Peer 1: 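For reference, the structure I am asking about is given below.
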Amino acid sequence: MRFSGLRVLKEGLTGNKGWRPHWRDPAPKPEYDLVIIGGGGHGLSTAYYLARDHGLTNVAVLERGYIGGGNIGRNTTIVRANYFLQGNSEFYSHSLKLWEGLEEDLNYNVMHSQRGILNLFHSDGQRDAAARRGNMMLSQGDDAILLGREELRAKVPFLNFDDQRFPLYGALYHPRGGTARHDAVAWGYARGADSRGVDLIQNCEVTGIDVDNGRVTGVQTVRGPIRAKKVAMVAAGRSSQVAAMAGMRLPIESHILQAFVTEGLKPVIDHVITFGMGHFYISQSDKGGLVFGGDLDFYASYAARGNLPTVEHVMEAGMALMPMIGKARVLRSWGGIMDMSPDGSPIIDRTHIDGLYVNCGWNYGGFKAVPASGNVFAHLLATDQYHPAATRFRLDRFRTGRGILDEEGTGSQHNLH
Ligand SMILES: Cc1cc2nc3c(=O)[nH]c(=O)nc-3n(C[C@H](O)[C@H](O)[C@H](O)COP(=O)(O)OP(=O)(O)OC[C@H]3O[C@@H](n4cnc5c(N)ncnc54)[C@H](O)[C@@H]3O)c2cc1C
C-alpha cells in the first residue's frame, strides 16, 4: 500500500474504504535467522535496514507490549546533530542525513520539521562554549549560527531576556535541527520492515535468552520458545533486565524522564528552544500543544510516571524563561524509562556471547538517533563489522574508562548528565 496525494484524495472521496492495516499480525515461527528483542524505534529501524540494506528478512521483532508504547511514543520529539566529540558527532551527522530523506524512503509522513533549535546561553563563558561547539558542528559538516542577544530577540521576542539569574546573552542556532512526530516514526519503520517480510510480533515478552556453550541459540517468550542464530537486545529502559537473562550486567541505570503537553494554542513558538541552565526545553506541536520537558527524576525506577518535585521544577523553569506560559493549561504529563549509560553515549556492540548483540544507552536523546542506530546496528548484525559512523560505541570502553563524555561535558557520573 503506497501513500500519495492522489491516493489520499481518492480515499477521501470514496469513504476511506481502501486503507489496509499497516502491518500483519503474524504468529511467531519456531525459528528465525535473527530475533530482535524490543519493538521500539531502535528495534524497528534495525529490522527495516536489515531487510532494506542486507536482504535479511527471516527476522522477528518481539515486543512485550504494542508498537509505539515505549519511549519511542513518549519523547519530546527533538531531532538534532549538535555533538562536540568524535564518536558521537559523526554518528549524529549520519542520523540527521537519514532523517532528511526518511519520508521518501519510508513512503510515510513522519512530520519531520526542520524548524531550527535555539540553545540559549547566559554569560560570556557560555558564549565561548557555544562558539566552540558551533565550530565543531561546522567542521563536521553540520550547521550552526551564533546569535547575539538582539538576533535572538528578533526570533523569540516573548522570552524573558532580563531574568536576574539567567539573563539571555544569545543562542547557538542549529537550523537543520527540529522535531518529528514520534509514533509516526515507529509506524513508518514498522510498516517498512513488515512489507519486506519481517515478522512484528506484539504482546510477546521475552522471558529468557538461551545460551549453549557460549553461543546464543534462541529466546524464551510468553508465546513459547523461538530458536535464532542471532539475537539483538534493543530494549532501551529495560536493557539491564533483558541482558540479565543472558547473565550479563550492563553499565546502565534506568531513570525516569517526564514530559508535558498543554492544551492546543495558536502558533506561537516557531523553533525548539532549549534552556540548559534551567534544564527546560520546549516546542509547539502541529496540533498547537506546547510540548516541554526537563531533567531526570533522579532515582532509578521502572515506573513510566514521575514525581511531583520534578513537575514543580519544570514548571518553574518554564515560567522563568517565558512567563506567558503561565496562562496555558497543562493537558497531560507522562514518563518514560531512560537507559542511562555512565558517559551519556550509547552502546552498539557484540557481547561476549557469540551471536548476542546489544544496542542501548540512549539516555534522554535516543529519538534523534533512531535512523542511524538501526542503520549501523543492522550493518554490525549482518556483517559483524562496525559501521564507520559507529566505531566507538563499544561495551569495553567502560572497562578502560575511556568514555565519550559529550552531552554536557559533566563527567562520567549518571547523575551529572
Ligand atoms: C519524556 C521523554 C522525552 C524525550 N525526549 C527526547 C527528545 O526530545 N529527543 C530525543 O532524541 N530523545 C528523547 N527521548 C529519548 C528517546 O525517546 C529514547 O532514547 C528512545 O526512544 C529509546 O529507544 P526506543 O525507541 O527503542 O525505546 P522504546 O520505545 O522504549 O523501545 C524498547 C522496547 O523494548 C520493549 N521491551 C522491553 N523489554 C522487553 C522484553 N523482555 N521482551 C520484549 N520486548 C521488551 C519495550 O516494551 C519497548 O517497546 C525522550 C524520552 C522521554 C521518556
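Whatever order the structure lists them in is the order used to number ligands and atoms, beginning at 1. Remember, predicted model here, so these are calculated numbers, not experimental data. When a residue number appears, it is its place in the shown sequence, counting from 1.
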Peer 1: Just by distance, with hydrogens left out, do Y357 and D384 show a side-chain donor and acceptor under 3.5 Å apart?
Peer 2: yes
Peer 1: With a cut-off of 4.0 Å, which atoms of ligand 1 are near a heavy atom of G38?
Peer 2: 33 (C), 34 (O), 35 (C), 44 (N)
Peer 1: State, without any angle test, whether H174 and N119 hold a side-chain donor-acceptor pair at a distance under 3.5 Å.
Peer 2: no
Peer 1: Any nitrogen or oxygen of E205 lying under 3.5 Å from a nitrogen or oxygen in ligand 1? Just yes or no.
Peer 2: no
Peer 1: Going by distance alone, is a donor N or O of one side chain under 3.5 Å from an acceptor N or O of the other, for T217 and D212?
Peer 2: no
Peer 1: Quick one: does G365 get an N or O within less than 3.5 Å of an N or O on ligand 1?
Peer 2: yes
Peer 1: Report, in ascending order of atom number, the atoms of ligand 1 lying under 4.0 Å from any heavy atom of A259.
Peer 2: 1 (C)
Peer 1: Can you check whether G366 has an N/O within less than 3.5 Å of an N/O in ligand 1?
Peer 2: yes
Peer 1: Enumerate the atoms of ligand 1 whose separation from the nearest heavy atom of V242 is less than 4.0 angstrom.
Peer 2: 38 (N), 41 (N)
Peer 1: Looking only at protein heavy atoms, which one is nearest to atom 5 (N) of ligand 1, and how far off is it?
Peer 2: T76 OG1, 2.9 Å
Peer 1: Would R64 count as being in polar contact with ligand 1, using the rule that some N or O on each side must be under 3.5 angstrom apart?
Peer 2: yes
Peer 1: Is the shortest side-chain heavy-atom distance between M338 and W362 below 4.5 Å?
Peer 2: no
Peer 1: Among protein heavy atoms, which lies nearest atom 16 (C) of ligand 1, and at what distance?
Peer 2: F367 N, 3.5 Å
Peer 1: Answer yes or no: does an N/O atom from V370 fall short of 3.5 Å to an N/O atom of ligand 1?
Peer 2: no
Peer 1: Test F393 against F91 for ring pair (Phe, Tyr, Trp, His ring centres under 6.0 Å), laying out the working first.
Peer 2: CA-CA 10 Å; F393 299 149; F91 175 78; 5.1 Å; yes
Peer 1: Closest non-hydrogen protein atom to atom 31 (O) of ligand 1, residue and atom name please, with distance?
Peer 2: G40 CA, 3.1 Å
Peer 1: Is the closest heavy-atom distance from N363 to ligand 1 below 4.0 Å?
Peer 2: yes
Peer 1: Compute the shortest N/O to N/O distance between Q258 and ligand 1 and return yes if it is under 3.5 Å, no if not.
Peer 2: no
Peer 1: Any salt bridge linking D270 with K155? Criterion: basic side-chain nitrogen under 4.0 Å from a carboxylate oxygen.
Peer 2: no
Peer 1: Judging by distance only, is a nitrogen or oxygen of I78 under 3.5 angstrom from one on ligand 1?
Peer 2: yes
Peer 1: Which ligand 1 atoms are under 4.0 Å away from a heavy-atom of W362?
Peer 2: 19 (O)
Peer 1: Please confirm whether M338 comes under 4.0 Å of ligand 1, counting heavy atoms of the residue only.
Peer 2: yes
Peer 1: A236 versus ligand 1: do any nitrogen or oxygen atoms come within less than 3.5 Å of each other?
Peer 2: no
Peer 1: Examine K229 relative to Y32 and say whether NZ or CZ is less than 6.0 Å from the centre of the six-membered ring and inside a 45° cone about the ring axis.
Peer 2: no
Peer 1: Determine whether the side chains of S373 and H42 contain a donor N or O and an acceptor N or O closer than 3.5 Å.
Peer 2: yes
Peer 1: Below 4.0 angstrom from a heavy atom of R74, which ligand 1 atoms are there? Numbered from 1 as shown, please.
Peer 2: 1 (C), 2 (C), 52 (C)
Peer 1: List every atom of ligand 1 that sits less than 4.0 Å from any heavy atom of R238, numbering the atoms from 1 in the order shown and giving each element.
Peer 2: 37 (C), 38 (N)
Peer 1: When you check the gap from the basic side-chain N to the acidic O, do D286 and R181 get nearer than 4.0 Å?
Peer 2: no
Peer 1: For ligand 1, is G293 a contact, meaning one of its heavy atoms is under 4.0 Å away?
Peer 2: no
Peer 1: So is K368 polar-close to ligand 1, meaning N/O to N/O under 3.5 Å?
Peer 2: yes
Peer 1: So, R223 and T221: side-chain donor and acceptor under 3.5 Å apart, yes or no?
Peer 2: no
Peer 1: Answer yes or no on whether R332 is positioned over the face of F260, meaning its NZ or CZ is under 6.0 Å from the six-membered ring centre and within 45° of the axis.
Peer 2: no
Peer 1: Are R227 and D210 within salt-bridge range, i.e. N to O under 4.0 Å?
Peer 2: no
Peer 1: Considering only heavy atoms of G41, which atoms of ligand 1 have at least one such atom less than 4.0 Å away?
Peer 2: 24 (P), 25 (O), 26 (O)
Peer 1: Are any of the N/O atoms on W334, whether in the backbone or the side chain, positioned under 3.5 angstrom from an N/O atom of ligand 1?
Peer 2: no
Peer 1: Quick one, F166 with F275, criterion ring pair (Phe, Tyr, Trp, His ring centres under 6.0 Å). Give me CA distance, side-chain angles, the key distance, then yes/no.
Peer 2: CA-CA 10 Å; F166 299 119; F275 171 32; 5.7 Å; yes
Peer 1: Between D194 and R196, is there a salt bridge with N-O shorter than 4.0 Å?
Peer 2: no
Peer 1: Show which atoms of ligand 1 fall inside a sub-4.0 Å distance from at least one heavy-atom site of L62.
Peer 2: 43 (C), 44 (N)
Peer 1: Hey, are R165 and D163 close enough for a salt bridge, meaning a charged N less than 4.0 Å from a carboxylate O?
Peer 2: no
Peer 1: If you measure from atom 50 (C) of ligand 1 to every heavy atom of N75, V291, V272, which option wins on shortest distance?
Peer 2: N75
Peer 1: Please write down residue, atom name and distance for the protein heavy atom closest to atom 13 (C) of ligand 1.
Peer 2: Y364 O, 3.0 Å
